[in-house]
Amino acid sequence: MPLSDIQDRIAKEEARMDRAPGSAQLIAVSKVQPLERVVAVLQEGHRVFGENKVQEAAGKWPDLKAQFDGVELHLIGPLQTNKTRQAMGLFDVIHSVDRPKLARTIARIAEEEGHCPRLFIQVNTGEEDQKAGVLSDELDDLVALCRALNLPVEGLMCIPPSGEEPSLHFALLAKLAKQHGFDGLSMGMSGDFERAIAQGATYVRVGSAIFGERDYG
Ligand SMILES: *Cc1c(COP(=O)(O)O)cnc(C)c1O
C-alpha cells in the first residue's frame with residue numbers, strides 16, 4: 001500500500017478521535033526490506049524509520065543517513081546489553097528498555113558520551129514467556145529506577161500477543177502510561193494501527209503495510 005494511503009488512514013483516525021493532526025507519528029519499519037523499497041520511501045519524503053536489530057540497522061543506515069537529511073531512527077526490537085553503546089550511537093529513540101541492567105547501562109554510557117537517545121519502556125502486557133518487556137507488576141520499580149537515573153523516558157511500548165484483541169492491550173498500556181505520567185505510547189502495527197490510535201498511540205510502527213511482506217528466505 002502506498003505510503004500516502006497509510007498517512008491518510010492515520011489522519012482519518014486522528015480526526016475521528018478528535019486528535020490533533022500529527023499526534024500519531026508513523027514509524028516506517030524497514031527491517032528485512034530490500035534497500036530499494038526503503039530508498040523509495042525516503043524519496044517520498046518520509047524520515048522516521050524503525051529497525052528491530054542493531055546489526056542490521058548498522059549495515060544500512062549510516063549510508064542512508066549520509067544520503068538523506070533528517071532521518072530519525074527508532075530501535076523497536078530487544079536490545080542486548082553488550083550492544084547498548086552501538087545502539088545509542090545509531091538510534092535516536094529506543095523503544096525496548098525492559099530491565100534494570102539495561103537502564104543502568106544506558107545511564108552509564110549516556111554519562112560517558114554526553115548524549116542519550118529518547119527512550120520508551122517496553123511492557124509485556126500479555127505476560128508471554130518468550131516476549132521481551134517488563135511485566136506490568138514490575139513496571140513501577142523500573143520507572144522509579146529510570147527516573148532516579150535521570151533517563152529521558154517519554155512513554156511505554158507494547159506488542160500484543162498474536163491471536164488476542166490488541167485493543168485490550170493498547171488500553172492497558174495507555175492506563176499504565178497515565179498512571180506513571182507518560183505522554184508517549186508506542187503501539188500499533190500494520191494490522192491494528194487504527195485501533196492503537198483510537199487508544200492514544202503517539203507512535204505507530206508499520207512495516208509490511210507500507211513495504212510489502214518481508215521475505216525472510
Ligand atoms: C516488525 C515489527 C513491526 C512492524 O510489523 P508489521 O506487521 O510489518 O507492520 C512493529 N513493531 C515491532 C516491534 C516489530 O518488530
Side-chain angles (χ1 to χ4, degrees), residues 1-10 13 24-35 37-38 40-41 44 46-61 72-80 83 87 90-99 102 117-134 153-167 169-170 172-174 176-177 184-217:
M1 188 176 287
L3 176 69
S4 57
D5 286 12
I6 303 293
Q7 286 164 333
D8 286 350
R9 285 170 59 186
I10 290 173
E13 191 62 19
Q25 289 279 311
L26 172 63
I27 301 174
V29 178
S30 49
K31 65 183 186 199
V32 190
Q33 297 290 349
L35 200 58
R37 287 192 203 159
V38 182
V41 169
E44 285 183 75
H46 194 72
R47 288 295 180 269
V48 183
F49 289 83
E51 290 282 343
N52 73 333
K53 293 207 170 80
V54 177
Q55 227 53 48
E56 187 187 336
K60 62 182 152 182
W61 281 101
E72 182 179 287
L73 202 55
H74 293 247
L75 177 64
I76 60 172
L79 179 55
Q80 292 170 282
K83 298 217 172 103
L90 190 59
F91 291 96
D92 302 288
V93 188
I94 295 175
H95 291 240
S96 48
V97 179
D98 65 353
R99 57 196 189 278
L102 181 57
R118 296 153 51 203
L119 303 172
F120 283 74
I121 293 176
Q122 182 174 352
V123 184
N124 184 355
T125 56
E127 318 225 326
E128 296 171 279
D129 286 340
Q130 78 286 5
K131 198 162 270 176
V134 64
V153 177
E154 55 188 61
L156 304 180
M157 177 272 218
C158 77
I159 307 170
S162 54
E164 288 186 27
E165 171 49 51
S167 291
H169 294 271
F170 299 153
L172 171 60
L173 197 72
L176 292 169
L185 282 171
S186 166
M187 57 191 198
M189 308 182 11
S190 289
D192 54 24
F193 66 88
E194 281 133 327
R195 278 173 281 177
I197 293 169
Q199 298 291 337
T202 59
Y203 278 112
V204 293
R205 311 178 307 261
V206 180
S208 43
I210 297 173
F211 295 102
E213 289 304 318
R214 286 176 290 276
D215 181 0
Y216 288 97

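Whatever order the structure lists them in is the order used to number ligands and atoms, beginning at 1.
- Remark: ligand 1 atoms within the under-4.0 Å shell around heavy atoms of Val206 are 9 (O).
- In this structure a side-chain-to-backbone donor-acceptor pair under 3.5 Å is missing from Ser96 to Gln122.
- In terms of protein heavy atoms, atom 12 (C) of ligand 1 is closest to Ile76 CD1, 3.4 Å.
- Between the side chain of Arg205 and the backbone N or O of Ala28, no donor-acceptor pair lies under 3.5 Å.
- No salt bridge links Lys53 with Glu56; every basic N to acidic carboxylate O contact stays at or beyond 4.0 Å.
- Between Met157 and ligand 1, not a single N/O pair is under 3.5 Å apart.
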For the pair Ser30 and Glu51, evaluate side-chain hydrogen bond (donor to acceptor under 3.5 Å, both in side chains) and give the outcome as yes or no after the intermediate values.
CA-CA 6 Å; Ser30 49; Glu51 290 282 343; 2.7 Å; yes
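- Of all protein heavy atoms, the one closest to atom 9 (O) of ligand 1 is Ser190 OG, 2.5 Å.
- For ligand 1, the atoms lying closer than 4.0 Å to a non-hydrogen atom of Gly207 are 4 (C), 6 (P), 8 (O), 9 (O).
- Heavy-atom proximity to Ile159, at under 4.0 Å, picks out these atoms of ligand 1: 13 (C).
- Of the charged side-chain nitrogens involved, at least one lies within less than 4.0 Å of a carboxylate oxygen, so that Arg9 and Glu194 count as a salt-bridged pair.
- Nearest to atom 2 (C) of ligand 1 by heavy atom, out of Arg205, Met189, Lys31, is Lys31.
- Neither the backbone nor the side chain of His95 has any atom closer than 4.0 Å to an atom of ligand 1 (non-hydrogen atoms only).
- Within the 3.5 Å criterion, the main-chain N or O of Arg195 finds no donor-acceptor partner in the side chain of Asp192.
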